[in-house]
Novice: 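To start, I am sharing the structure in question, which I have written as structure tokens.
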Amino acid sequence: ITYGGTYTCTAGATYTNSVTIWYADKGTTTDYTQATGWTTTPKTAAGAYWIKAVCNGNRNYNAAEASKSLTINPKTLTATVNGTLTYGQHFDEMQLTITYTGFVSNDAGATIERDDSKLKPTLTDTTLNENQLAVKADGYALTLPVENGHIAGLTSPNYTIVASGNSRLTVLPKRISAKIGTNSSSSYSEAIALDPTELVQLNSEDLASWDRAQGVAVLDIVLSVNANASSGVGLYSITGTARNANYDVTFEAGSHQITPLKIRVEITIEDGVYGGLIDVVKEVKIFKDGTGEPMAADTFATSILYTGT
């Protein structure tokens, strides 16, 4: 029978004295008469046993006994071994979680011997570099080692533990922190340009060893500011988002300063005659200070102040 199954032992005698059923481990014995440790408690664990029926004699009948052998085979138990590691860790740092299917009723707490020196899953896809695995939505299939028909490293006297075929490795994003600087600025009306490689600071040691040479750029950061070229002079918050799925980045917000736009105004007026009135402005030209880029004069409220007599 298989572990968890039931069996019934019965025996009869030619006279009315009761018959007692005894059980013993078979061990290395070849005959039931060699066995020791007999008990009347039926055997339920997987193993090989002797069973004997004993009827004591009396003055009219001699004693008699008969024997049978019983084998209780281990039950098949299915195991799913799932692994987790954080991006940047090596494959051998994987943490394993095991779930089982097929326990005999009320046996879910059965002791499973685990030997991590033998329980060494491998990647089913052998073309992958196991020590540079990226975050992947559906994870990576794992193949479990087999020894004598069961998963190596998982043993139980009552079960033969086999793989479910659904074991997978999940790579979790690496959590890091980054700080956005406060040294960003632009003048009023200018387009706001935010360069993550200049504004974002982080400890390169927090990156996976194979990403450190790229620094901030590897995170593929997008910076956002709650302002644009039309926003007025003031201080605005900068936030960040990392698009590299291998990292879970917590940003310390930075700031962007919009400063007044410096301009240069050139005014040309109509020529006048001594003693006459000067009341006509011929032309007003406005330029960005420093670049000399012309600007539309009608975007400014311009007042002209005349001095002299």
Side-chain angles (χ1 to χ4, degrees), residues 80 82-97 121 123-125 127-142 166-262 288 290-291 293 295 299:
T80 300
N82 289 323
T84 57
L85 58 78
T86 299
Y87 179 72
Q89 288 185 309
H90 287 177
F91 189 77
D92 58 8
E93 297 178 89
M94 174 173 50
Q95 299 296 311
L96 299 180
T97 302
L123 289 173
T124 303
D125 186 349
T127 65
L128 297 173
N129 182 345
E130 65 179 18
N131 288 324
Q132 290 191 18
L133 295 174
V135 172
K136 187 168 174 275
D138 59 349
Y140 301 88
L142 293 175
N166 298 321
S167 297
R168 302 194 73 80
L169 166 66
T170 299
V171 179
L172 303 173
K174 183 175 176 58
R175 293 183 177 182
I176 63 172
S177 298
K179 182 179 180 180
I180 303 173
T182 58
N183 56 330
S184 175
S185 65
S186 62
S187 297
Y188 172 73
S189 82
E190 291 182 341
I192 299 174
L194 303 174
D195 186 346
T197 60
E198 294 182 356
L199 287 175
V200 177
Q201 304 166 10
L202 56 82
N203 183 354
S204 63
E205 294 298 312
D206 290 341
L207 299 174
S209 58
W210 51 88
D211 286 340
R212 290 171 188 167
Q214 299 180 66
V216 170
V218 77
L219 298 177
D220 191 15
I221 294 173
V222 175
L223 296 179
S224 302
V225 62
N226 59 341
N228 54 42
S230 300
S231 300
V233 171
L235 194 65
Y236 297 88
S237 176
I238 303 175
T239 58
T241 302
R243 293 184 292 191
N244 186 334
N246 294 318
Y247 293 93
D248 179 4
V249 185
T250 299
F251 288 93
E252 180 181 332
S255 60
H256 179 84
Q257 180 75 50
I258 295 181
T259 59
L261 177 66
K262 295 181 179 181
K288 287 185 179 181
T291 66
E293 179 184 347
M295 302 183 68
T299 61

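Since the structure is predicted, the reported quantities are computational estimates derived from the model, not experimental observations.
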Novice: Is there side-chain contact between L219 and V200, with heavy atoms separated by less than 4.5 Å?
Specialist: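 They are not in contact (no side-chain heavy atoms under 4.5 Å apart), so the answer is no.
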Novice: Are any side-chain N or O atoms of R168 and backbone N or O atoms of N82, one a donor and one an acceptor, separated by less than 3.5 Å?
Specialist: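 No, because the side chain of R168 does not come within donor-acceptor range (under 3.5 Å) of the backbone of N82.
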Novice: Are the side chains of E93 and N131 in touch, meaning some heavy atoms are under 4.5 Å apart?
Specialist: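 No, too far: nothing below the 4.5 Å cut-off.
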Novice: Tell me which donor-acceptor pairs under 3.5 Å the side chains of residues 175-182 have, and how far apart each pair is, sequence neighbours excluded?
Specialist:
none

Novice: So which pairs with a foot in residues 185-209 pass ring pair (Phe, Tyr, Trp, His ring centres under 6.0 Å), sequence neighbours left out?
Specialist: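 Counting only pairs at least two positions apart or across chains, no ring pair (Phe, Tyr, Trp, His ring centres under 6.0 Å) contact touches residues 185-209.
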Novice: Consider only side-chain N and O atoms of Y247 and D211, and report whether a donor and an acceptor are under 3.5 Å apart.
Specialist: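 Yes, side-chain donor-acceptor contact under 3.5 Å.
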Novice: Would you please test S184 and L194 for side chain to side chain contact (heavy atoms under 4.5 Å, CB included) and show each step?
Specialist: CA-CA 7 Å; S184 175; L194 303 174; 3.5 Å; yes
Novice: So, does Q89 use its side chain to make a donor-acceptor pair with the main chain of T86 at under 3.5 Å?
Specialist: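 Flag set: sc Q89 to bb T86 pair under 3.5 Å.
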Novice: Verify, without hydrogens or angle tests, whether D248 (side chain) and P173 (backbone) share a donor-acceptor contact under 3.5 angstrom.
Specialist: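 No; zero donor-acceptor contacts below 3.5 Å.
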Novice: Could you check if a side-chain atom of T259 sits within less than 4.5 angstrom of a side-chain atom of Q257, using non-hydrogen atoms only?
Specialist: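 Yes - at least one pair of side-chain heavy atoms lies under 4.5 Å apart.
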Novice: Check H90 against L85 and note the closest heavy-atom contact, atom names and distance.
Specialist: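 That closest heavy-atom pairing would be O-CD2, 3.8 Å.
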Novice: With D125, which residues qualify under salt bridge (charged side-chain N to carboxylate O under 4.0 Å, His left out), at least two apart?
Specialist: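 With neighbours one apart ignored, the set is empty.
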Novice: Would you give the length of the straight line joining atom OG of S187 to atom CG of L261, rounded to the nearest 0.5 angstrom?
Specialist: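 Those atoms lie 5.5 Å apart.
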Novice: Tell me, which pairs form a ring pair (Phe, Tyr, Trp, His ring centres under 6.0 Å) where one or both residues lie in residues 200-235, sequence neighbours left out?
Specialist: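 Every ring pair (Phe, Tyr, Trp, His ring centres under 6.0 Å) pair that includes a residue of residues 200-235, provided the two are not neighbours, is Y87-W210.
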Novice: Using 0.5 Å steps for rounding, measure from the CG atom of L142 to the CG atom of N166.
Specialist: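 That separation rounds to 11.0 Å.
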Novice: According to the salt bridge (Lys or Arg N to Asp or Glu O under 4.0 Å) rule, which pairs have a member within residues 82-91, sequence neighbours left out?
Specialist: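 Pairs touching residues 82-91 that pass the test: none.
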Novice: Give every donor-acceptor pair under 3.5 Å between a side-chain atom in residues 239-246 and any protein atom, sequence neighbours left out.
Specialist:
residue	atom	partner	partner atom	Å
R243	NE	D220	OD2	3.3
R243	NH2	D220	OD1	3.0
N244	OD1	N246	N	2.9
N244	OD1	N246	ND2	3.2
N244	ND2	V218	O	2.7
N246	OD1	V135	N	2.7

Novice: Taking the side chain as every heavy atom from C-beta outward, state whether Y236 and S255 have any pair of such atoms under 4.5 Å apart.
Specialist: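 Contact flag for Y236/S255 side chains = no.
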Novice: Under a 4.5 Å cut-off applied to non-hydrogen side-chain atoms, are I238 and S224 in contact?
Specialist: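 They are not in side-chain contact.
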Novice: Please determine which of T124, L133, L96 meets the side-chain contact (heavy atoms from CB on, under 4.5 Å) test together with L169.
Specialist: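 Only match with L169 under side-chain contact (heavy atoms from CB on, under 4.5 Å): L133.
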Novice: If you look at every heavy atom in N228 and I258, which pair is closest and at what distance?
Specialist: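 For N228 versus I258, the nearest heavy atoms are O-CD1, 4.0 Å.
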Novice: Looking at every heavy atom in both F91 and P121, which two are closest together, and how far apart are they?
Specialist: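 Looking at all heavy atoms of both residues, the shortest contact is CE2-O, 3.3 Å.
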Novice: Hey, does the side chain of Q132 reach the backbone of N129 with a donor-acceptor pair shorter than 3.5 angstrom?
Specialist: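 Not at all, since once roles are kept as given, no pair shorter than 3.5 Å links the two residues.
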Novice: Does a donor on one side chain sit under 3.5 Å from an acceptor on the other, for S186 and H256?
Specialist: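 Checked: S186/H256 side chains pair up, N/O donor to acceptor below 3.5 Å.
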